[in-house]
Amino acid sequence: MSTKKIIYTDKAPAPIGPYNQAVLVNNTLYTSGQIALDPNTMELVLDDIETETKQVMENMKAVLAAADMTFADVVKTTIFIMNMGDFARINAVYGSYFDEATAPARETVQVACLPKNVNVEISMIAVK
């Protein structure tokens, strides 16, 4: 029988709709997409694409930690970006959070629009 546990931390932005930061089912964590909201102020961090991506990854780091996981446990990521021209800069920041030899599977998709008109949103699946 599977168990479902809602994961929440105040170290990442609170959900702004009918969803949770993450759901843990047995050993598998499914995260909601994170954008560059500062969890303390709920203001967007949009100084530049690197700073924005770092805030997204720090938010995701907090969600993973709330489930007693780290980026080493991540098996799959999805990156949504507004401009594929930003890919290399996003990838440089994103890549700094993973060991390249054991990095997760990933897809990166350019989209027409993201919540709050941000430039990047990332979701993850992790297994412990």
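Along the sequence shown, the residues carry numbers beginning at 1.
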**Request:** In sequence, state the C-alpha distance, the side-chain angles, and the governing distance for Thr3 and Asn26, and then conclude on side chain to side chain contact (heavy atoms under 4.5 Å, CB included).
**Result:** CA-CA 6 Å; Thr3 60; Asn26 298 330; 3.5 Å; yes
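- The shortest distance between side-chain heavy atoms of Gln55 and Pro39 falls below 4.5 Å.
- Here the closest non-hydrogen pair linking Ala12 and Gln21 is O-NE2, 3.3 Å.
- In this structure, Lys128 contributes its side chain and Asp68 its backbone to a donor-acceptor pair below 3.5 Å.
- When each of Val111, Ile90, Ile49, Val118 is paired with Ile81, the side chain to side chain contact (heavy atoms under 4.5 Å, CB included) condition holds for Ile90 and for no other.
- By the 4.5 Å heavy-atom criterion applied to side chains, Val56 and Val120 are counted as neighbours.
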**Asked** So Leu114 and Met82, side chain to side chain contact (heavy atoms under 4.5 Å, CB included) or not? Walk me through it.
**Response** CA-CA 7 Å; Leu114 287 166; Met82 289 288 294; 4.1 Å; yes
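- Note that Arg106 lies in the cation-pi zone of Tyr94, set by a 6.0 Å cut-off to the ring centre and a 45° limit from the axis.
- Put simply, the residue from Thr31, Ile6, Val63 that forms a side chain to side chain contact (heavy atoms under 4.5 Å, CB included) with Asn20 is Ile6.
- The CG atom of Asp99 lies 13.5 Å from the CZ atom of Phe71; values are rounded to the nearest 0.5 Å.
- For Ala66 against Tyr8, the heavy-atom pair with the smallest separation is CB-O, 4.1 Å.
- Atom CD1 in Ile7 sits 11.5 Å away from atom OG in Ser32 (nearest 0.5 Å).
- With hydrogens and angles disregarded, a donor-acceptor distance shorter than 3.5 Å links the side chain of Gln110 to the backbone of Met84.
- Separation of atoms CZ (Phe80) and OG (Ser123) is listed at 5.5 Å; rounding is to 0.5 Å.
- The two residues Gln34 and Pro13 make their nearest non-hydrogen contact at OE1-CD, 3.4 Å.
- With a 4.5 Å cut-off on side-chain heavy atoms, Thr77 and Met60 do not count as touching.
- The minimum heavy-atom distance linking Val93 with Tyr97 is given by the pair O-CD1, 3.2 Å.
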**Prompt:** Are Leu29 and Ile125 close enough, and set up right, to give a side chain to side chain contact (heavy atoms under 4.5 Å, CB included), and what steps lead you there?
**Reply:** CA-CA 6 Å; Leu29 183 72; Ile125 299 172; over 6 Å; no
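- One N or O on the side chain of Asn59 and one on the backbone of Leu37 form a donor-acceptor pair closer than 3.5 Å.
- Remark: Lys76 engages Glu107 in a salt bridge, criterion side-chain N to carboxylate O under 4.0 Å.
- At least one side-chain heavy atom of Val23 sits less than 4.5 Å from a side-chain heavy atom of Lys4.
- Using a distance-only test at 3.5 Å, with no hydrogens or angles considered, no donor-acceptor pair links the side chain of Glu50 to the main chain of Arg89.
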**Item:** Trace of the side chain to side chain contact (heavy atoms under 4.5 Å, CB included) decision for Leu44 with Ile35
**Value:** CA-CA 8 Å; Leu44 288 170; Ile35 61 174; 4.2 Å; yes
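- Nearest heavy-atom pair, Met124 versus Val74, reported as atom, atom and distance to 0.1 Å: SD-CG2, 3.8 Å.
- Between Val109 and Ile79, every side-chain heavy-atom pair lies at or beyond the 4.5 Å cut-off.
- The neighbour count for Lys116 NZ, taken as heavy atoms of other residues, nucleotides or ligands under 6.0 Å away, does not exceed 12.
- Once rounded to the nearest 0.5 Å, the distance linking OG1 of Thr53 with CD1 of Ile122 reads 6.0 Å.
- Closest approach of Cys113 to Asn117, counting heavy atoms only: SG-OD1, 3.2 Å.
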